[in-house]
Undergrad: 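Mind looking over this structure? Questions follow.
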Amino acid sequence: MKQILIINRMNTDNFGDRIITKSMTNLFNDKNIRVKHADYIFSPEIPFEKYSWTKRATRYLKKIVYKLFCIKEVSKSDAVIFGGGELIASNGIFFSSFIQWNKIIKAVNKNCKCFLFSVGVTGDFSEKQKGKLNQYLMDYKGIYVRDFGSQKKLSDLTNENPTKVDFTPDCVFSLCCEQTKSEDKLLLGITSLFRHNKQKKIKFDTETDLFDWYLLKLNEMRTNETVEVIYNDNQDKKIAKQFIKYAHSKGYKFRKLVEIKDEEQFIKLLSTAKKIISPRMHACILGIILGKEVVPVIFSEKMYNFQQMYCNKHTDLTSIASNINESAEDIITKVLKD
């Protein structure tokens, strides 16, 4: 039996990342393949002045143990798939993780077949980063990115690479979600000031500015629906509580924030809505699958690419799912081929 190691964001409280893992597992579940998982991100370095030596030592020990686990899993794998999610990014920790993983693969299993699948590509890459990408991606057996913006960017970055950069939609579109009767309810997602300002498409000086902007967005889209605020992870949850308190001080009446325990409850909550406004791509994707009216908040390159491709009346979910499954089958065939 062949083994595939799927590498994406696993050790996270983000419902979107968990749903990606579920989607990837379903897509590569084959009777002749054993699917294993590993987290894309290696433990970040600890600021020397911030923690005691015991805490630093414990963190470094965990990092070493995790790297040994990665080496063991790579050595046993016939293929490694990086995907899905926004994994090819120019920011420090994402880019360094990609390089570290490829160094491990080169060192311990030169026969391992490597793939990118349903990934996003964002950021401004330096010439040095471009060289590193070309160095490793030239040996990949398949490269599939999730939107045309990512396809163009990666094609430009790796224009000397013999492996073609193909398009396949975000893997979460392959999920089958049960559609339920909608309530007359609008779900409003919000994310932090830091995440907004880091992406530089929409910048705010203070959280009050951020909250006022979201309330303006809500007024543009709301008719008579009741409003419920949702979140994708604990950081979003914290800002959602502050936003609700601020909105109440301005005379808005929102429902009480729901405690979301897992991704299944998250999907169920989305299924009850009539309309969804969110800065989170996978909340928007699930909304489209569930047949809701979806309004993405365009605060990043990722969300801009998503809106351009999927937020129109002509989005064909059957064709999208077929494209994803065909690309996954192509990878499975290549893995099983000796």
Undergrad: What do you reckon, is CG of N219 surrounded by more than 12 foreign heavy atoms closer than 6.0 Å?
TA: yes
Undergrad: Please determine whether a side-chain nitrogen of the Lys or Arg among D78 and K113 lies less than 4.0 Å from a carboxylate oxygen of the Asp or Glu.
TA: no
Undergrad: Testing K292, K275, R255 for salt bridge (Lys or Arg N to Asp or Glu O under 4.0 Å) with E183, which one passes?
TA: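 Going through the options one by one, the only one that passes is R255.
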Undergrad: May I have the step-by-step check of side chain to side chain contact (heavy atoms under 4.5 Å, CB included) for Y231 and R280, ending in yes or no?
TA: CA-CA 9 Å; Y231 54 91; R280 294 298 207 152; over 6 Å; no
Undergrad: Are Y310 and F173, when compared by the centres of their aromatic rings, separated by less than 6.0 Å?
TA: yes
Undergrad: So, T158 side chain and L154 main chain: donor-acceptor pair closer than 3.5 Å or not?
TA: yes
Undergrad: Is any side-chain N of the basic residue among K153 and E301 closer than 4.0 Å to the acidic one's carboxylate O?
TA: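 So K153 pairs with E301 through a salt bridge.
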Undergrad: Would you confirm whether the ring centroid of F98 sits within less than 6.0 angstrom of the ring centroid of F82?
TA: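 Yes: the rings meet the under 6.0 Å criterion.
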Undergrad: Less than 6.0 angstrom separating the ring centers of Y304 and F299, yes or no?
TA: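 Judged by ring-centre distance (under 6.0 Å), Y304 and F299 do not meet the cut-off.
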Undergrad: Give a yes or no on this: more than 12 heavy atoms of other residues, nucleotides or ligands lie within 6.0 Å of atom NZ of K72.
TA: no
Undergrad: Is a side-chain donor or acceptor of N232 paired with a backbone partner of F15 at a separation under 3.5 angstrom?
TA: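 A pair under 3.5 Å: no.
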Undergrad: Restricting to side chain to side chain contact (heavy atoms under 4.5 Å, CB included), what partner residues turn up for S23, sequence neighbours left out?
TA: I19, C171, V172, S174, L175
Undergrad: What I want to find out is whether D156 reaches K152 closely enough, with some N-O distance under 4.0 Å, to be called a salt bridge.
TA: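 Yes, this pair counts.
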Undergrad: Is the number of heavy atoms from other residues, nucleotides or ligands within 6.0 Å of NZ (K185) greater than 12?
TA: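 Counting neighbours around NZ of K185, more than 12 heavy atoms of other residues, nucleotides or ligands fall under 6.0 Å, so yes.
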Undergrad: Does D13 come within less than 4.0 Å of R18, counting only side-chain N to carboxylate O?
TA: no
Undergrad: Does a side-chain heavy-atom distance below 4.5 Å link M303 with Q308?
TA: no
Undergrad: Apply side chain to side chain contact (heavy atoms under 4.5 Å, CB included) to residues E73 and H37 and explain how you reach the verdict.
TA: CA-CA 9 Å; E73 290 302 324; H37 292 273; over 6 Å; no
Undergrad: Does a side-chain N-to-carboxylate-O contact under 4.0 Å join D212 and K250?
TA: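 Salt bridge absent between D212 and K250.
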Undergrad: Taking only residues two or more places apart in sequence or in another chain, which ones pass ring-ring contact (aromatic ring centres under 6.0 Å, His included) with Y214?
TA: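 ring-ring contact (aromatic ring centres under 6.0 Å, His included) check on Y214 returns H196.
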Undergrad: Would a line drawn from the ring center of Y144 to the ring center of F115 be shorter than 6.0 Å?
TA: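 Ring-ring flag for Y144/F115: false, centres at least 6.0 Å apart.
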